[in-house]
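Quick caveat: nothing in here was measured; it's all calculated off a predicted structure.
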Amino acid sequence: MVKSEVAKLLAVIAAAYSRFQVDELKQNVWFEMLGDVDYKIAQMAVKKLMLESPFPPTIADIRKQIAEITTPEKYKISAADAWGEIEQAISKYGYYQQSEALDSMSSITRKTVDLIGFRQICLCEEPGVVRGQFLRMFEQVANKEKQNALLPENLKKQIDAIAARQNLRLVEGGSK
């Protein structure tokens with residue numbers, strides 16, 4: 001989205017919400033935080049939010065709505081559905097075809113299974129216990145994925161660079 005499109009978006013919000021004020025600083029901040037988004041998608045998100053709330057949307061509201069709009073339905077999976085994917089994979093592929101079983105799962109389910117271990121899930125003598133652990137971990141992984149999806153790409157890169165520098169410092173400091 002270009003700066004003039006951010007200005008249009010803010011003008012629409014200001015027209016819908018009388019207390020919403022627009023100035024150059026607000027326009028710059030919104031451009032920085034929403035500039036990576038396609039204008040048509042942002043416009044859709046704003047319209048949807050205007051229909052749902054009597055309060056003007058925030059940048060966070062818009063980014064959440066954009067993530068909701070742009071995430072395909074097949075990736076919107078509940079923890080219970082994810083556990084169903086695991087049961088299907090175990091039934092179809094068993095313990096010995098781990099890579100095929102993992103490939104049959106959605107990405108968030110697979111990430112969670114990787115944390116626990118596919119073999120541990122298959123060999124567990126108390127499936128109810130593993131199921132409970134999986135459901136809790138799945139929610140944490142899904143929330144982390146959602147939070148990550150809300151960040152603008154340039155901010156993700158900056159955060160990754162800071163984390164890499166910090167990790168390097170820890171490694172260098174630990175080897176002395």
Side-chain angles (χ1 to χ4, degrees), residues 1 33-45 47-49 51-53 57-176:
M1 182 168 15
M33 300 310 291
L34 294 171
D36 64 317
V37 176
D38 179 80
Y39 174 68
K40 295 280 187 201
I41 295 171
Q43 191 179 34
M44 244 187 293
K47 286 178 181 178
K48 194 167 182 299
L49 288 164
L51 293 170
E52 294 173 353
S53 176
T58 63
I59 293 167
D61 294 333
I62 293 169
R63 290 205 75 94
K64 284 177 187 173
Q65 197 62 243
I66 288 167
E68 184 69 28
I69 290 169
T70 58
T71 302
E73 205 56 45
K74 70 179 183 176
Y75 295 114
K76 296 176 186 173
I77 184 170
S78 70
D81 290 337
W83 184 254
E85 284 184 348
I86 294 169
E87 289 178 329
Q88 265 187 323
I90 291 170
S91 173
K92 186 172 182 178
Y93 299 104
Y95 171 82
Y96 294 105
Q97 293 179 299
Q98 180 175 336
S99 62
E100 291 87 348
L102 291 172
D103 288 344
S104 72
M105 298 174 194
S106 64
S107 65
I108 295 176
T109 303
R110 183 180 180 144
K111 284 180 184 178
T112 309
V113 169
D114 284 340
L115 291 170
I116 297 173
F118 185 69
R119 289 182 178 189
Q120 284 73 12
I121 294 171
C122 290
L123 297 175
C124 181
E125 293 179 15
E126 295 186 48
V129 172
V130 171
R131 182 179 189 273
Q133 291 171 340
F134 173 83
L135 296 175
R136 283 190 300 280
M137 287 179 79
F138 180 87
E139 291 301 330
Q140 292 173 350
V141 171
N143 286 337
K144 185 176 179 182
E145 289 287 315
K146 285 178 189 173
Q147 291 300 318
N148 196 35
L150 298 177
L151 294 175
E153 203 56 45
N154 63 341
L155 191 55
K156 284 182 200 175
K157 288 177 183 174
Q158 290 173 357
I159 290 169
D160 289 344
I162 291 168
R165 282 195 305 270
Q166 185 64 27
N167 191 35
L168 184 61
R169 278 193 213 120
L170 292 173
V171 170
E172 289 174 348
S175 64
K176 291 183 180 177

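- Taken to the nearest 0.5 Å, the SG atom of C122 stands 10.5 Å off from the OH atom of Y96.
- Within the structure, every pair that satisfies the salt bridge (Lys or Arg N to Asp or Glu O under 4.0 Å) test and touches residues 118-146, not counting sequence neighbours, is listed here: K111-E145.
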### Message
side-chain contact (heavy atoms from CB on, under 4.5 Å), that's the test. Do F134 and V113 meet it? Break it down for me.
### Response
CA-CA 8 Å; F134 173 83; V113 169; 4.1 Å; yes
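- Residues I116 and M137 have side chains in contact (heavy-atom distance under 4.5 Å, counting atoms from C-beta outward).
- Summarising the geometry, atom CD1 belonging to I59 is positioned 5.5 Å from atom CG belonging to L34; distances are rounded to the nearest 0.5 Å.
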### Task
Walk me through it: do K76 and E68 pass the test salt bridge (Lys or Arg N to Asp or Glu O under 4.0 Å)?
CA-CA 9 Å; K76 296 176 186 173; E68 184 69 28; 3.2 Å; yes
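- In terms of heavy atoms, F118 sits closest to G94 at CE2-O, 3.6 Å.
- Side-chain atoms of S91 do not come within 3.5 Å of backbone N or O of E87 as any donor-acceptor pair.
- Pairing each heavy atom of A82 with each of F138, the nearest pair is CB-CE1, 3.5 Å.
- Residues D114 and L102 meet the side-chain proximity criterion, which asks for heavy atoms closer than 4.5 Å.
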### Message
Using side-chain contact (heavy atoms from CB on, under 4.5 Å), reason through Y39 and M44 one step at a time and then give a plain yes or no.
### Response
CA-CA 9 Å; Y39 174 68; M44 244 187 293; over 6 Å; no
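- Under 4.0 Å is where a charged nitrogen must lie from a carboxylate oxygen, and between R110 and E85 no such pair does.
- Sequence neighbours left out, the pairs with a member in residues 149-163 that pass salt bridge (Lys or Arg N to Asp or Glu O under 4.0 Å) are E153-K156.
- In this structure the side chain of W83 never reaches within 4.5 angstrom of the side chain of T109, judged on heavy atoms.
- Here the straight-line distance linking atom CD1 of I108 with atom CG of N143 works out to 9.5 Å at 0.5 Å rounding.
- Interatomic distance, CG of L151 versus CD1 of I159, reported as 5.0 Å (0.5 Å rounding).
- Under a cut-off of 6.0 angstrom, the local environment of CD in Q88 is sparse, with at most 12 non-hydrogen atoms contributed by other residues, nucleotides or ligands.
- Atom CD1 of I66 sits about 9.5 Å away from atom CG of L150, to the nearest 0.5 Å.
- Listed by first and then second residue, the side-chain hydrogen bond (donor to acceptor under 3.5 Å, both in side chains) pairs that reach into residues 57-66 are D36-R63, K48-Q65, T58-D61, sequence neighbours excluded.
- In this structure a side-chain-to-backbone donor-acceptor pair under 3.5 Å is present from T71 to A67.
- L135 contributes atom CG, which lies 9.0 Å from atom OG of S78 (distance to the nearest 0.5 angstrom).
- Shown here for A101 and S104, the closest heavy-atom pair between the two residues is O-OG, 2.6 Å.
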